[in-house]
A.B. asks: 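Here it is: the structure, laid out below.
Index from 1, following the sequence.
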Amino acid sequence: MLPNVNGLLSKDNQLMVLDKSGLRGYDLGSKEFMTVNDSVTGGDGLTMLNDSVYIASRWKGEIYYVAGNKAHLLLDTKAEESQTADIALNRKDKVVYVPTFFKNKVVAYQLKD
């Protein structure tokens, strides 16, 4: 059992999880956690841009670019009360899709190189 997990992504022999401790890898063989990033805590949505870069969201309205233990805030929609829960990514076009809870729409954001 993985307690308090919200964001979840399968990668190789690991489950990548977002929880109150941040972004962690859970090795399915050893059943042990490895912390990847401890600054995006309480995350919700999780996707991968490539093998070492993740895009993570927090429900309150934040989307982060996560590379190792560095996280850069890409989007903050808290003032607009546009929550950013689960997310999807079109890797080819580098577009993040965000379903909003209270706005009843899906919003697309283009990532810059």
Side-chain angles (χ1 to χ4, degrees):
M1 178 179 207
L2 302 175
N4 304 312
V5 169
N6 201 349
L8 183 64
L9 177 69
S10 174
K11 176 185 175 186
D12 301 324
N13 195 36
Q14 293 184 15
L15 289 178
M16 303 306 295
V17 300
L18 283 173
D19 62 15
K20 65 182 181 179
S21 298
L23 174 60
R24 301 190 297 156
Y26 179 76
D27 187 282
L28 296 170
S30 69
K31 298 187 188 311
E32 294 192 13
F33 281 101
M34 173 194 70
T35 299
V36 175
N37 181 287
D38 60 6
S39 60
V40 182
T41 58
D44 199 320
L46 181 63
T47 189
M48 288 179 61
L49 187 57
N50 59 45
D51 285 340
S52 61
V53 176
Y54 301 87
I55 305 295
S57 67
R58 282 186 177 151
W59 183 82
K60 293 276 185 183
E62 299 168 335
I63 296 179
Y64 290 87
Y65 177 96
V66 181
N69 203 34
K70 294 182 181 178
H72 302 282
L73 183 64
L74 295 176
L75 179 70
D76 186 343
T77 62
K78 292 189 302 277
E80 296 88 16
E81 297 180 355
S82 184
Q83 284 70 24
T84 54
D86 295 320
I87 56 177
L89 174 67
N90 175 329
R91 282 189 196 109
K92 179 181 175 238
D93 297 327
K94 295 186 180 177
V95 175
V96 178
Y97 296 95
V98 182
T100 64
F101 280 149
F102 303 116
K103 303 289 184 180
N104 292 325
K105 61 183 174 181
V106 175
V107 182
Y109 298 98
Q110 178 75 52
L111 297 174
K112 296 181 181 178
D113 289 326

A.B. asks: Linking I/L/V/M/F/W/Y whenever their side-chain heavy atoms sit closer than 4.5 Å, directly or via other members, would Leu49 and Tyr109 fall into one cluster?
C.D. replies: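 In one cluster: yes.
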
A.B. asks: Hey, what do you get for CG (Leu46) to CG (Leu9), rounding to the nearest 0.5 Å?
C.D. replies: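 Separation between the atoms: 5.0 Å.
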
A.B. asks: Check whether any side-chain N or O of Thr77 sits under 3.5 Å from a backbone N or O of Ser82 as a donor-acceptor pair, and report yes or no.
C.D. replies: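 Answer holds: yes.
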
A.B. asks: Looking at CG of Asn37 and OG1 of Thr35, how far apart are the two atoms once the value is rounded to the nearest 0.5 Å?
C.D. replies: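 Answer for the CG-OG1 pair, Asn37 versus Thr35, is 9.0 Å.
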
A.B. asks: Give the cluster check for Val53 versus Ile87: same hydrophobic cluster or not, with ILVMFWY residues linked at side-chain heavy-atom distances below 4.5 Å.
C.D. replies: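 Val53 and Ile87: one cluster.
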
A.B. asks: Cluster partners of Val106, using ILVMFWY side-chain heavy atoms under 4.5 angstrom, listed by chain and number?
C.D. replies: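 Hydrophobic cluster check, Val106: joined to Val95, Tyr97.
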
A.B. asks: A side-chain contact here means heavy atoms from C-beta on lying under 4.5 Å apart; do Leu74 and Val96 qualify?
C.D. replies: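 A side-chain contact is absent here, since even the closest heavy-atom pair is not under 4.5 Å.
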
A.B. asks: Side-chain heavy atoms under 4.5 angstrom apart, residues restricted to Ile, Leu, Val, Met, Phe, Trp, Tyr: same cluster for Phe33 and Leu15?
C.D. replies: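 Yes, same cluster.
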
A.B. asks: Is there a path of hydrophobic side-chain contacts, each under 4.5 Å between heavy atoms, that joins Val107 and Leu89?
C.D. replies: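 The answer is yes; both residues are in one hydrophobic cluster.
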
A.B. asks: For a quick test of your reading: what N or O donor-acceptor pairs under 3.5 Å do the side chains of residues 18-25 make, sequence neighbours left out?
C.D. replies:
unit_1: Asp19; atom_1: OD1; unit_2: Ser21; atom_2: N; d: 2.8
unit_1: Asp19; atom_1: OD1; unit_2: Gly22; atom_2: N; d: 3.3
unit_1: Asp19; atom_1: OD2; unit_2: Arg24; atom_2: NE; d: 3.1
unit_1: Asp19; atom_1: OD2; unit_2: Arg24; atom_2: NH2; d: 2.5

A.B. asks: If we ignore hydrogens and angles and just use 3.5 Å, is the side chain of Asn69 paired with the main-chain N or O of Asp38 as donor and acceptor?
C.D. replies: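 Looks like yes, one N/O pair under 3.5 Å.
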
A.B. asks: Ignoring hydrogens, what is the shortest heavy-atom contact between Gly29 and Asn13? Give both atom names and the distance.
C.D. replies: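 Smallest heavy-atom distance, with atoms named: N-ND2, 3.7 Å.
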
A.B. asks: Can you hop from Leu75 to Tyr65 via hydrophobic side chains spaced under 4.5 Å?
C.D. replies: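 Leu75 clusters together with Tyr65.
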
A.B. asks: Roughly how far, to the nearest 0.5 Å, is the CE atom of Met16 from the CG atom of Leu8?
C.D. replies: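 Going from CG on Leu8 over to CE on Met16, the span is 10.5 Å.
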
A.B. asks: Decide yes or no on side chain to side chain contact (heavy atoms under 4.5 Å, CB included) for Glu32 and Tyr26, but give the supporting numbers first.
C.D. replies: CA-CA 6 Å; Glu32 294 192 13; Tyr26 179 76; over 6 Å; no

A.B. asks: Got a list of side-chain donor-acceptor pairs under 3.5 Å for residues 54-64, not counting sequence neighbours?
C.D. replies:
unit_1: Tyr54; atom_1: OH; unit_2: Lys11; atom_2: NZ; d: 3.0
unit_1: Ser57; atom_1: OG; unit_2: Gly45; atom_2: N; d: 2.9
unit_1: Ser57; atom_1: OG; unit_2: Thr84; atom_2: O; d: 3.2
unit_1: Ser57; atom_1: OG; unit_2: Ala85; atom_2: O; d: 2.4
unit_1: Arg58; atom_1: NE; unit_2: Thr41; atom_2: O; d: 2.9
unit_1: Arg58; atom_1: NH1; unit_2: Glu62; atom_2: OE1; d: 2.9
unit_1: Arg58; atom_1: NH1; unit_2: Tyr64; atom_2: OH; d: 3.0
unit_1: Arg58; atom_1: NH2; unit_2: Ser39; atom_2: O; d: 2.8
unit_1: Glu62; atom_1: OE1; unit_2: Tyr64; atom_2: OH; d: 3.1
unit_1: Glu62; atom_1: OE2; unit_2: Lys78; atom_2: NZ; d: 2.7

